[in-house]
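A quick write-up on the structure given underneath.
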Amino acid sequence: MDWRIEVREGRESLVANTDQTPDAWLTPQRILVVLAHPDDPEFFCGGTINRWAIAGHQIVYCLLTCGDKGTKERHLESHELCLIRQKEQRAAAKLLGVDEIYFLNYEDGYLIPSLELRKDITRIIRQVRPDIVVTCDPTTLYTQDARLNHPDHRAAGQAVLDAVFPAARDHLYFIELWRDEKLEPHIVREVWVCGTLEPDVVLDVTDTWNAKLMALYEHKSQIADPEKLKERMLSRRTVDSTPEKPQYVEKFRRLVLG
Ligand SMILES: [Zn+2]
């Protein structure tokens, strides 16, 4: 069952979407997922990505960095790690049914929402021309389970939202994209923000939770203990789950723009 969060008399309540889910689009959608690191799409919304791919939507990834710093292996240099992470990301994406991947190869850990980054994302949006953009919430400083959010995640979310509106929409922003690269402006219809403390859409991803886990396993260089990862992911079942019937959800803030 899918749910949505409604605010009634100042209080949030979970309301079952009995009629139509918010992703019950009538035609195949082109969906662009823009996040900071290899493994972010799978961790943040891998169940949803697989659900959308199965439903016939076209999914494109854009990873802003290639995760070239997160290792304890002393013999590895950044450029080697970058290649490993890209290969793992391709395998994970393939498993979830993703059609295409762009890597912008910004340096891991140093991402800032610069005009250069905004322009590069604007270019991708105008090339891919997505109906839906998925990114993460730039305002999340710490997560619900009291972890610090990675600064690259905040930077990525900020740069993506700023690229969607207004940069991708109007030709005079980064005019060289239109004038020299012949990229027409583009209006994104919906933005789905994951990693947010203020979700208003809760999607049931029980059926695709295993695919999410399998895709996460593809990020071998990032997993110290596969059993621990499995345990952690399986423990994320909803509170109303039973041992016989575990249920899993992914949450988003959905912005309808156009
Ligand atoms: Zn990350």
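Every value quoted in this text rests on a predicted model; they were computed, and no experiment measured them. Start at 1 and go down the list; that is how both ligands and their atoms are numbered. All values below were derived from every heavy atom in this structure, side-chain atoms included, with hydrogens, water molecules and symmetry-related copies excluded.
- For the side chain to side chain contact (heavy atoms under 4.5 Å, CB included) test, residues two or more places apart in sequence or in another chain that qualify with Asp137 are Thr139, Thr140, Val193, Thr196.
- Within the structure, the disulfide bond (SG atoms under 2.5 Å apart) test picks out the following pairs touching residues 42-73 (sequence neighbours left out): Cys66-Cys82.
- In summary, an N, O or S atom of His37 is located under 2.8 Å from the Zn ion (ligand 1).
- Glu250 places no side-chain N or O within 3.5 Å of a backbone atom of Cys194 that could act as its donor or acceptor partner.
- Between the CH2 atom in Trp192 and the CG atom in Asp200 there is a gap of 9.0 Å [rounded to 0.5 Å].
- Look at Asp152 and the Zn ion (ligand 1): no N/O/S atom of the residue is under 2.8 Å from the metal.
- Taking the Zn ion (ligand 1) as reference, the nearest N/O/S atom within Asp40 carries the name OD1.
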